[in-house]
Every structure is written in structure tokens, then in C-alpha cells.
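Only heavy atoms go into these numbers, but all of them, side chains included; no hydrogens, no water, no symmetry mates. To find a chain, count down the sequence lines: A is the first, B the second, and so on, and within it residues start at 1.
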Protein chains: 2
Amino acid sequence: MGKFSGPQFHRLLRERGLKSTRQREQIVRVFMESGSHLSVEELYQRVRQKDPRIGYATVYRTLKLMAESGWASSRRFRDRLALFEHQSAGEHHDHLICLLCGKIVEFESERIEELQSRVARRQGFRIFDHKLELYGHCPACIPKEKGGGSEKRGKSEHGKTL
Amino acid sequence: MGKFSGPQFHRLLRERGLKSTRQREQIVRVFMESGSHLSVEELYQRVRQKDPRIGYATVYRTLKLMAESGWASSRRFRDRLALFEHQSAGEHHDHLICLLCGKIVEFESERIEELQSRVARRQGFRIFDHKLELYGHCPACIPKEKGGGSEKRGKSEHGKTL
DNA sequence: TTCAATGCAAATCTTTTGCAATGGG
DNA sequence: CCCATTGCAAAAGATTTGCATTGAA
């Protein structure tokens with residue numbers, strides 16, 4: 001799936017018999033220019049700065065379009081939805097996530113990606129993106145595992161969103 | 001982290017200074033007895049059959065508690081929230097997901113899990129669970145990639161939820 | 001007794017949809 | 001022209017929260 005680009009998006013639309021509109025191009029451009037971990041709200045705001053008449057629904061609809069092509073994917077980090085760009089250089093799609101404090105450490109493992117490709121190939125899938133998340137407790141929180149019930153917690157009843 | 005059990009949950013609560021209530025025990029029991037991929041709604045309904053006065057909020061609050069301990073985790077498959085039990089035998093946490101038709105193929109790779117542990121260890125994390133998803137197009141949908149824009153789609157405007 | 005936990009309903013968020021107006025091919 | 005796309009507002013869901021009450025320790 002090469003690098004994402006305007007013309008390529010245009011081509012994709014044509015191939016699928018969809019129309020290329022000012023809104024779609026604008027949304028895709030802003031999305032691609034932004035770093036990863038962009039929330040829908042943030043994307044909407046940025047797009048709005050360039051074209052104030054674009055609606056929230058259109059952003060969602062366009063995002064879906066991109067997701068179907070593997071150019072955007074969504075995930076929840078703690079309690080907010082974040083988007084990230086597909087395949088762009090330097091992107092990390094792998095995370096170690098602490099279930100207690102929410103800390104996120106990014107990592108990358110070429111070996112793992114190799115194995116992933118192998119699995120996909122064996123199943124006949126054409127893979128565009130992947131998501132790998134390891135959940136547990138970070139070094140700082142491990143001590144809190146036992147007997148840590150008395151310290152004050154934030155305003156929310158529990159530290160982490162389901 | 002071993003297998004999840006009632007007494008163990010009770011111990012966890014005590015360790016964190018939390019109370020062991022009839023509701024919490026009921027919810028945890030039903031959750032553990034059910035297979036994986038249980039939605040919050042389904043869990044609520046099942047718990048309700050045993051104890052009709054339990055509220056939805058309590059189910060959410062208890063799930064959060066379990067999530068913090070790595071005993072439950074949530075994920076979205078297409079458009080619905082699904083929960084799954086931690087570490088139970090035969091569970092697959094790895095998926096190949098087709099972005100066009102939504103097909104999901106489960107797989108397991110011991111080699112990948114080994115590498116995951118290695119990464120976690122290196123960072124000092126204690127891992128309870130993981131989630132690996134590969135996104136792309138399945139064998140059946142690859143032909144649809146080009147010129148497939150004219151076939152009828154379901155009632156939703158796009159085939160897949162963001 | 002004390003304060004965490006619960007139940008309920010209301011409040012928040014997030015995402016989707018119905019529909020008339022608009023505009024791309 | 002024709003019908004996909006858009007904007008808006010309303011609808012639908014999903015999750016959280018305020019608060020009086022209940023109940024575990």
C-alpha cells in the first residue's frame with residue numbers, strides 16, 4: 001500500500017465509484033498532515049479552521065472511508081478515541097499500556113512484524129495495518145499492586161476507563 | 001497471574017482496600033462463567049437474571065475494577081463493544097480483520113507471544129493480557145478492491161464502522 | 001459507626017441517521 | 001440531469017456521575 005497521497009486517494013475514490021469532493025479532499029489532507037493520535041474532535045477542529053462549513057458527520061463519514069482502505073484506524077487509549085495515520089515512517093503501532101496509571105510506552109519489533117506478515121500471508125490476507133497492545137502494570141505501578149488501596153485517587157471513582 | 005477465581009477476586013479487593021459485595025461477586029462470577037466476547041449489555045442481562053436489582057452502573061464499575069487488574073479487557077469489533085475473559089484456556093487474542101467485509105480470523109502464534117514477553121520484560125512491565133490485530137483485506141474481498149464500487153451495500157452508508 | 005458501594009435517573013459523550021439542499025460526473 | 005454527498009439537527013448508543021440510601025467491615 002505505498003505512501004498515502006492526495007492523487008492516490010482520488011484514484012481510490014474513482015475505483016470504488018465514489019465522488020471526489022472538496023470536503024473529502026480537505027479532510028484527508030488535514031488528517032495526513034497531522035501527526036498520529038489525532039482524535040475525531042481534533043481533526044474536526046483543524047478541518048474547520050480551513051473550511052468552517054464542514055460538518056462533523058462528514059468527518060466521520062470520510063474517516064470511515066479511509067478506514068475501509070486501511071489508511072486510518074481507530075483505537076481507544078484510556079478514555080478517548082485516537083486516530084493514527086497508516087504506514088507513515090516512524091510510526092509506532094505497538095504499545096505497552098499500564099492498566100493502573102495509563103502510562104503508554106511505544107515500541108517496535110521487526111521480528112514480530114515479520115511473523116505477523118507470515119501469518120497473514122498464510123491466510124491469504126493483504127495487510128495494511130496492525131495494532132499490538134500489551135496490557136499490564138508498569139514498573140512504577142507494580143509496587144501499588146498490594147496494599148495500595150488507601151491512597152487518594154483522582155475524582156473518578158476508578159483510575160481507568162473500561 | 002494464574003487463573004481467575006472467586007477467592008482470588010476477593011483477595012484482590014482486600015489488597016486494594018475495597019469491599020467485597022454481593023453485586024461484585026455476582027458480576028464476576030457470571031462474567032467468568034460466560035464465554036469471551038460478551039458485551040456489557042449481555043453481561044448486565046445475565047447478571048440481572050440472577051439478581052434483578054443490580055444496576056447497569058454497578059456492572060460498569062465492576063468491569064473497570066477487573067480491567068485494572070487485567071482480568072477483563074474491552075475491544076471493539078466493528079461496532080459493538082465486546083469483553084473477553086483473561087488468560088482462559090483456548091482463548092485467542094489475535095485477529096486478522098477484513099476492513100471490507102468485517103470477517104475475523106483468529107490465530108495464535110507462540111513465537112509472537114514469546115517476543116512480546118521479551119519486550120515487556122525489557123521495559124519492566126508485568127503483562128496480563130495482549131491484543132494483536134492485523135487489518136487488511138481477506139482473500140474473498142481482494143478482488144473487490146478495484147472497480148467494486150457499484151455493488152449494493154447494506155443499509156449503512158459505509159460497510160464498516162470507524 | 002463509618003464511609004465505600006449501590007441504584008436510579010440524569011447528564012455526557014460519541015457516533016449515526018433522516019432529510020432537504022447541493023454539487024460532481 | 002441524476003443521484004451521491006453534505007450539513008444540520010435530531011436520534012441513538014455507550015458510559016459516567018450526582019446523590020440519597022444501603023450495607024460491609
- Message: Between P on C:dG7 and CZ on B:Arg61, what's the gap in Å once rounded to a whole number?
- Response: 8 Å
- So, is A:Arg24 near the phosphate of D:dT5, with a side-chain N or O under 4.0 Å from OP1 or OP2? yes
- Those residues that, when tested against B:Arg53, pass side-chain contact (heavy atoms from CB on, under 4.5 Å) (two or more places apart): B:Arg22, B:Asp51
- Task: Using whole Å, report how far CD of B:Gln26 lies from C1' of C:dA5.
- Result: 16 Å
- Message: So does A:Glu68 get a backbone contact from the side chain of B:His137, meaning a donor-acceptor N/O pair under 3.5 Å?
- Response: yes
- Separation of A:Glu41 atom CD from C:dT15 atom C1', in whole Å? 13 Å
- Through what angle, rounded to 10 degrees, does the axis of the helix from C:dT1-D:dA25 to C:dG25-D:dC1 turn between its ends, using five pairs per end? 40°
- Atom CD1 of A:Ile54 and atom P of D:dT5 are separated, to the nearest Å, by 15 Å
- Measure the distance from OH on A:Tyr56 to C1' on C:dT17 and round it to the nearest whole Å. 16 Å
- Query: For A:Asp51 and C:dG23, what is the distance between atoms CG and C1' respectively, to the nearest whole Å?
  - Reply: 14 Å
- Note on the structure: Taken to the nearest whole Å, OH/B:Tyr44 to P/C:dT6 is 14 Å
- Smallest heavy-atom separation, B:Ser34 atom then B:Arg46 atom, equals OG-NH1, 2.9 Å
- Quick one: B:Ile27 CD1 to C:dA5 P, roughly how many Å, whole number? 13 Å
- Message: Each nucleotide in nucleotides 20-25 of chain D should get exactly one letter: B, S or -. Can you fill that in based on protein heavy atoms under 4.0 Å?
- Response: ---BBS
- Query: Below 4.0 angstrom from OP1 or OP2 of C:dT16, is there any side-chain N or O of A:Tyr60?
  - Reply: no
